[in-house]
Amino acid sequence: MAKRMPPLAGASARLRIADLPARGRAHSSGYVESVTLVPAGSAPRFTAVLADLQGAYRDPAAAHARRRVRLVWIGQRRIPGIVAGTQVAFEGMVSLVDGQPTIFNPRYEIIGRPEGEL
């Protein structure tokens with residue numbers, strides 16, 4: 001089971017993914033939409049794309065990259081518990097990479113898992 005993530009001193013309130021800044025520290029949550037595994041011969045890296053589903057239901061016509069954030073763990077091939085459908089809270093420095101908000105090596109907390117998983 002994941003440990004509770006204590007807020008950092010001076011951490012901001014939790015934002016929706018759609019409201020993340022282009023650069024700077026942010027604290028948010030979302031649902032894992034997809035994960036990417038790299039081949040064994042590549043440098044270890046685990047990537048998860050999280051979606052702000054609440055924002056998508058409010059305005060489906062506004063489907064753009066700002067509703068998603070990419071979390072990248074450098075040096076990890078897998079993060080236990082981070083699978084499609086999992087709700088995750090995260091915190092870290094946001095930067096735009098290929099036009100998509102990206103956080104490298106974020107702090108995270110697994111809030112919920114897909115139904116049927118232990």
Side-chain angles (χ1 to χ4, degrees):
M1 177 170 244
K3 291 184 186 179
R4 286 264 173 222
M5 182 172 63
L8 291 175
S12 60
R14 192 176 293 176
L15 301 170
R16 292 181 325 127
I17 289 174
D19 297 330
L20 288 176
R23 293 181 66 184
R25 182 162 291 283
H27 182 215
S28 186
S29 67
Y31 291 87
V32 177
E33 222 178 41
S34 64
V35 297
T36 303
L37 308 173
V38 295
S42 300
R45 179 179 73 239
F46 182 81
T47 303
V49 175
L50 276 66
D52 186 4
L53 297 179
Q54 185 179 28
Y57 292 132
R58 255 185 262 156
D59 186 9
H64 52 75
R66 297 297 295 176
R67 285 191 310 110
R68 291 177 175 79
V69 63
R70 181 178 18 206
L71 305 181
V72 180
W73 286 270
I74 304 295
Q76 302 292 320
R77 292 210 179 271
R78 184 172 97 77
I79 304 290
I82 304 288
V83 296
T86 303
Q87 184 179 13
V88 177
F90 58 90
E91 182 177 1
M93 293 298 289
V94 180
S95 59
L96 287 181
V97 176
D98 297 328
Q100 185 173 21
T102 302
I103 300 176
F104 291 95
N105 296 324
R107 292 181 63 179
Y108 70 96
E109 174 185 359
I110 295 173
I111 297 174
R113 297 177 193 262
E115 198 170 303
E117 286 196 15
L118 296 176

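Note that the structure is a prediction, hence the values are computed from the model and not measured.
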- Are Ile103 and Val35 in one and the same hydrophobic cluster, where Ile, Leu, Val, Met, Phe, Trp and Tyr link if side-chain heavy atoms are under 4.5 Å apart?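 Yes, it is one cluster - the side chains of Ile103 and Val35 are joined through contacts under 4.5 Å.
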- Query: Do you reckon Ile79 sits in the same ILVMFWY cluster as Val88, going by side-chain contacts under 4.5 Å, direct or chained?
  - Reply: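 Same hydrophobic cluster.
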Do [X] and [Y] come within less than 4.5 Å of each other through their side chains, counting heavy atoms only?
| X | Y | result |
| --- | --- | --- |
| Phe90 | Ile17 | yes |
| Thr86 | Tyr31 | no |
| Leu96 | Pro101 | yes |
| Leu20 | Ser28 | yes |
| Pro80 | Ile110 | no |

- Relative to the ring of Trp73, is the ring of Tyr108 parallel (under 30°), tilted (30 to 60°) or perpendicular (over 60°)?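 Aromatic pair Tyr108/Trp73 classed perpendicular.
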- CE-CG distance between Met93 and Asn105, expressed to the nearest 0.5 angstrom: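 Between Met93 CE and Asn105 CG, I get 13.0 Å after rounding to 0.5 Å.
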- Kindly compute the distance separating CD (Glu109) from CD (Glu91), expressed to the nearest 0.5 Å. 11.0 Å
Check [X] against [Y] and note the closest heavy-atom contact, atom names and distance.
| X | Y | result |
| --- | --- | --- |
| Ile111 | Ser29 | CD1-CB, 4.4 Å |
| Leu15 | Asp19 | CD1-O, 3.9 Å |
| Ala48 | Val32 | CB-CG1, 4.4 Å |

- Query: Taking everything shown except Arg77 itself, do over 12 heavy atoms lie less than 6.0 Å from its CZ?
  - Reply: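 Atom CZ in Arg77 is packed in, count exceeds 12.
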- Message: Go through it in stages, so that I can follow the logic: the residues are Leu50 and Leu71, the test is side chain to side chain contact (heavy atoms under 4.5 Å, CB included), and I'd like the CA-CA distance, side-chain angles, deciding distance and then a yes or no.
- Response: CA-CA 8 Å; Leu50 276 66; Leu71 305 181; 3.7 Å; yes
- Query: Who pairs with Arg45 by side chain to side chain contact (heavy atoms under 4.5 Å, CB included), at least two apart in sequence or on another chain?
  - Reply: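 Side chain to side chain contact (heavy atoms under 4.5 Å, CB included) list for Arg45, sorted by chain: Val38, Thr47, Val72, Ile74.
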- Residues which pass side chain to side chain contact (heavy atoms under 4.5 Å, CB included) with Val97, listed by chain and number, not counting sequence neighbours: Arg70, Ser95, Thr102, Phe104
